[in-house]
Amino acid sequence: MLSPAYCAKHSPRRPTCRSRWFQAVTNQMKEIPVSDPKTVKLLDGSSNRSSDLPLISGTLGPACIDIGTLYKDTGHFTYDPGYGSTASTKSAITYIDGDAGVLLYRGYPIEQLAEHSSFLEVAYLLLNGELPDKPQFDRFEHQITHHTMIHEAQRNFFHGFHYDAHPMAMLAASVASLSAFYHDDLDVDDPEDRKMAAVRLIAKMPTIAAACYRYSIGWPFRYPRNNLEYVDRFLHMMFEVPSEPLKLSPVATKALDLLFILHADHEQNASTSTVRLVGSTGANPYASIAAGITALWGPAHGGANEAVLKQLEEIGTPDKVASAVLRAKDKSDSFRLMGFGHRVYKNFDPRAKIIREMCHKVLAELGVNDPLLEVAMRLEEAALKDDYFVERKLYPNVDFYSGIIYKALNIPAEMFTVMFAIARTAGWIAHWIEQHETSGSRIGRPRQIYTGADVRDYVPAGRR
Ligand code: ACO
C-alpha cells in the first residue's frame with residue numbers, strides 16, 4: 001500500500017508539492033532565471049538567444065523540461081548519452097521510482113499484483129488500463145487461447161536453423177516472420193487491428209518459444225492445448241514427450257506465472273524504447289517487437305539472467321565469492337557482477353525482493369538442493385556490505401534470482417531470456433498500442449554531436 005506521505009512526496013499535482021518542486025528546480029538551476037513558475041528560461045549568453053521551456057508534470061515523478069523548441073529558439077541540441085535525464089515519451093502504463101524502489105503497473109503496486117493477480121490478468125491491465133471484470137477476463141482468455149497456433153509454414157522455418165542456434169536468434173526471426181503471415185488484414189491505424197495483433201503476439205509467443213527449445217534439443221514440436229491455462233500450456237509445449245504423459249507441477253506453474261508478472265513491463269527500458277522507436281516509423285507490430293527482442297538479448301539488459309547463472313557456475317563455491325567481488329571492483333578488469341545494479345533502481349529492485357522469497361520457496365517445495373543458491377546468497381551478502389557496492393547503490397536486480405528459479409524448473413540457461421521475452425511481450429505491445437493512440441506522435445529521430453573530420457576536398461587515389 002502506498003502511504004499518503006509517499007503520494008504527497010511524489011505527486012507534483014498537489015499544490016504544496018508543486019511549489020516545493022519548483023523551488024528545488026530553481027535552486028538547482030541558479031544561473032537560469034525562472035520567469036514563470038511553469039517554464040524554465042534558458043539563456044545562451046554567447047548569442048543572447050533564449051528559450052522559455054515549459055515544465056510538464058505527470059501524475060507521479062519529477063516534472064520534465066519540454067525542450068521541443070530549444071533548437072528553434074537557440075540553435076542548440078541537448079546531449080544526454082544513455083538518456084539518464086531524458087523522458088522520451090509520456091506514458092500511462094508503468095511508473096518506477098528508482099530511489100524508493102517502487103514499481104506500479106497502471107497504478108497498482110507490483111507487490112499486490114504479484115500476490116493476487118495472474119500474468120494474463122496483468123497483460124489485460126497493461127493493455128486496457130483497468131483490471132478486467134469476470135466476463136472481460138473470460139473473453140480475453142478465450143481470445144488468447146484461440147490464437148496460440150502458428151502457421152504450419154512457420155513451423156518449417158525452424159528447420160532452416162543450425163541445430164545449436166541460440167533460442168533468442170530463433171525467437172527474433174520467428175516473431176519478425178509473423179509479419180509475413182498477418183500482413184493482409186493489418187492496418188496499424190485501426191484500433192481493432194492493433195488489439196488483434198496484441199492478442200496474436202501474447203498468444204503465440206509461448207508456442208514459438210517452446211518450438212525454439214524443442215528444435216534445439218531435437219524433440220518433435222507440440223501443439224498448444226486449449227484445455228490448459230496460459231502457463232501450463234507453455235510448460236506442456238516445452239516438456240511433454242510422446243513416450244509418457246507430463247505431470248504438471250503447481251509449484252512450477254505458480255513460480256512461472258509470478259516471474260511473468262514481474263517481467264511484464266518496466267517503462268522505457270532499452271527494449272521497450274526500441275519497440276517504440278521502430279513503431280514510430282509506422283512499422284508493423286511484429287517487426288517492432290522482433291526489434292525489442294534483439295534489444296532484450298544483450299547481457300546489460302534481459303540477457304543478464306543467462307549471464308548471472310553462468311557467472312554463479314563459474315564462481316562455483318561460496319569460498320570463491322570474495323575473489324569475485326574483488327574482481328568486480330577492479331577498474332582494470334571488465335568483469336562485473338551480473339544481476340547487480342540498475343539504471344533506474346538506486347534502491348532494492350522491488351521485483352528482486354519478491355523473486356528472492358519465491359526462489360527459496362520453489363527450491364524447498366521442489367526439493368531442489370542447488371549449491372548455486374548458496375553461492376548467490378553469499379554473493380548478495382558480500383556485495384551488500386561492501387563499500388564499493390553501497391556507495392554506487394548497486395543492489396541485486398530482477399535477474400539475480402530468476403535464473404536459479406528457471407534452473408529449478410529445468411529450463412536451460414539459453415532459454416532464460418526467451419522466458420523474459422514471453423512476459424515482456426505484454427508490455428511491449430501495450431506501449432506500441434499507446435504510441436499509436438497518442439495524437440501527434442512523431443518518428444523518433446535523435447541528433448548527435450559530430451566529432452568527425454572537418455569538411456575537406458576529395459583527393460584522387462594516386463595523390464593520397
Ligand atoms: N558490478 C560492478 N560494478 C558495477 C556494476 C556491476 N554489476 N554495475 C555498475 N557498476 C559500477 C560501474 O562500474 C560504475 O562505477 P564508477 O562510477 O566507478 O565508474 C557505477 O557502478 C555506475 O555504473 P554504470 O555502468 O554507469 O550504470 P548504468 O546505469 O549505466 O548501468 C547496468 C546499469 C547496465 C544494469 C549495470 O549496473 C550492469 O552492467 N549490471 C550488470 C548487468 C545486469 O545485471 N543487467 C540487468 C539489468 S536489469 C534488466 O535489464 C532486466
Side-chain angles (χ1 to χ4, degrees), residues 54 56-61 63-68 78 80 82-83 85-96 103-108 122-130 140 143 172 175-176 178-179 182-183 185-205 263-296 301-302 343-344 420-447:
I56 308 175
S57 294
T59 320
L60 297 167
C64 291
I65 304 169
D66 178 353
I67 58 166
T78 54
D80 184 19
Y83 310 114
S85 299
T86 299
S88 61
T89 186
K90 291 179 189 170
S91 177
I93 300 173
T94 289
Y95 173 73
I96 302 173
L103 170 61
L104 313 175
Y105 292 165
R106 298 284 191 184
Y108 294 102
V122 163
Y124 182 99
L125 172 69
L126 292 171
L127 286 168
N128 298 285
E130 296 297 336
F140 182 61
Q143 269 190 315
V175 171
L178 288 171
S179 320
Y182 300 106
H183 53 91
D185 58 348
L186 177 67
D187 174 2
V188 297
D189 294 321
D190 181 333
E192 286 310 311
D193 283 8
R194 292 198 291 260
K195 268 193 195 155
M196 185 42 72
V199 166
R200 283 191 174 126
L201 274 158
I202 294 168
K204 292 181 199 308
M205 197 62 95
H263 280 109
D265 194 43
H266 213 229
E267 55 119 295
Q268 309 308 322
N269 54 82
S271 56
T272 304
S273 297
T274 302
V275 169
R276 279 187 177 262
L277 189 60
V278 176
S280 78
T281 69
N284 73 62
Y286 310 110
S288 305
I289 277 155
I293 291 170
T294 57
L296 186 74
H301 190 15
R343 167 59 62 80
V344 180
F420 193 155
I422 295 174
R424 187 54 60 85
T425 297
W428 287 331
I429 194 65
H431 281 272
W432 183 86
I433 289 177
E434 183 182 63
Q435 170 179 47
H436 283 78
E437 283 173 352
T438 307
S439 62
S441 282
R442 301 170 76 197
I443 186 169
R445 181 34 170 114
R447 301 306 303 261

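All values reported here derive from a predicted model rather than from experimental measurement.
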Test item: [X] side-chain N/O and [Y] main-chain N/O as donor-acceptor pair under 3.5 Å:
| X | Y | result |
| --- | --- | --- |
| Asn269 | Glu267 | yes |
| Asp80 | Ser85 | yes |
| Thr89 | Ser91 | no |
| Arg343 | Gly82 | yes |

Heavy-atom closest contact ([X] atom, [Y] atom, distance):
| X | Y | result |
| --- | --- | --- |
| Ala283 | Val188 | O-CG1, 4.2 Å |
| Ser88 | Gln268 | OG-CG, 4.2 Å |
| Ser179 | Ala287 | OG-N, 3.7 Å |
| Tyr83 | Pro446 | OH-CG, 4.3 Å |
| Ala92 | Arg106 | O-NH1, 3.2 Å |
| Met205 | Ile422 | CG-CA, 3.7 Å |

To the nearest 0.5 Å, how far apart are [atom1] in [X] and [atom2] in [Y]?
| X | Y | atom1 | atom2 | answer |
| --- | --- | --- | --- | --- |
| Ser271 | Arg424 | OG | CZ | 5.5 Å |
| Thr425 | Lys204 | OG1 | NZ | 13.0 Å |
| Leu125 | Tyr105 | CG | OH | 9.5 Å |
| Ile96 | His266 | CD1 | NE2 | 3.5 Å |
| Ser288 | His431 | OG | NE2 | 13.5 Å |
| Arg200 | Leu186 | CZ | CG | 8.0 Å |

Query - Aromatic plane relationship, His301 with Phe420 - under 30° parallel, 30 to 60° tilted, over 60° perpendicular - result: perpendicular
**Report entry** Parallel, tilted or perpendicular, as decided by the 30° and 60° cut-offs, for the rings of Tyr182 and Tyr286
**Finding:** tilted
Query raised in the report: Who are the side-chain contact (heavy atoms from CB on, under 4.5 Å) partners of Thr274, not counting sequence neighbours?
Result: Val278, Ala291, Ala295
Would you say the side chain of [Y] lies within less than 4.5 Å of the side chain of [X], judging by non-hydrogen atoms?
| X | Y | answer |
| --- | --- | --- |
| Ile202 | Leu127 | yes |
| Leu201 | Trp428 | no |
| Val122 | Tyr108 | no |
| Arg194 | Glu437 | yes |

Report task. Could I get the full list of side chain to side chain donor-acceptor pair (under 3.5 Å) partners for Asp187, not counting sequence neighbours? Result -> none
Report task. If a pair satisfies salt bridge (Lys or Arg N to Asp or Glu O under 4.0 Å) and one of its residues is in residues 271-295, list it, with sequence neighbours excluded. Result -> Arg276-Glu434
Report summary line: Which of Asn284, Ile429, Leu178 passes side-chain contact (heavy atoms from CB on, under 4.5 Å) with Ile289? It is Ile429
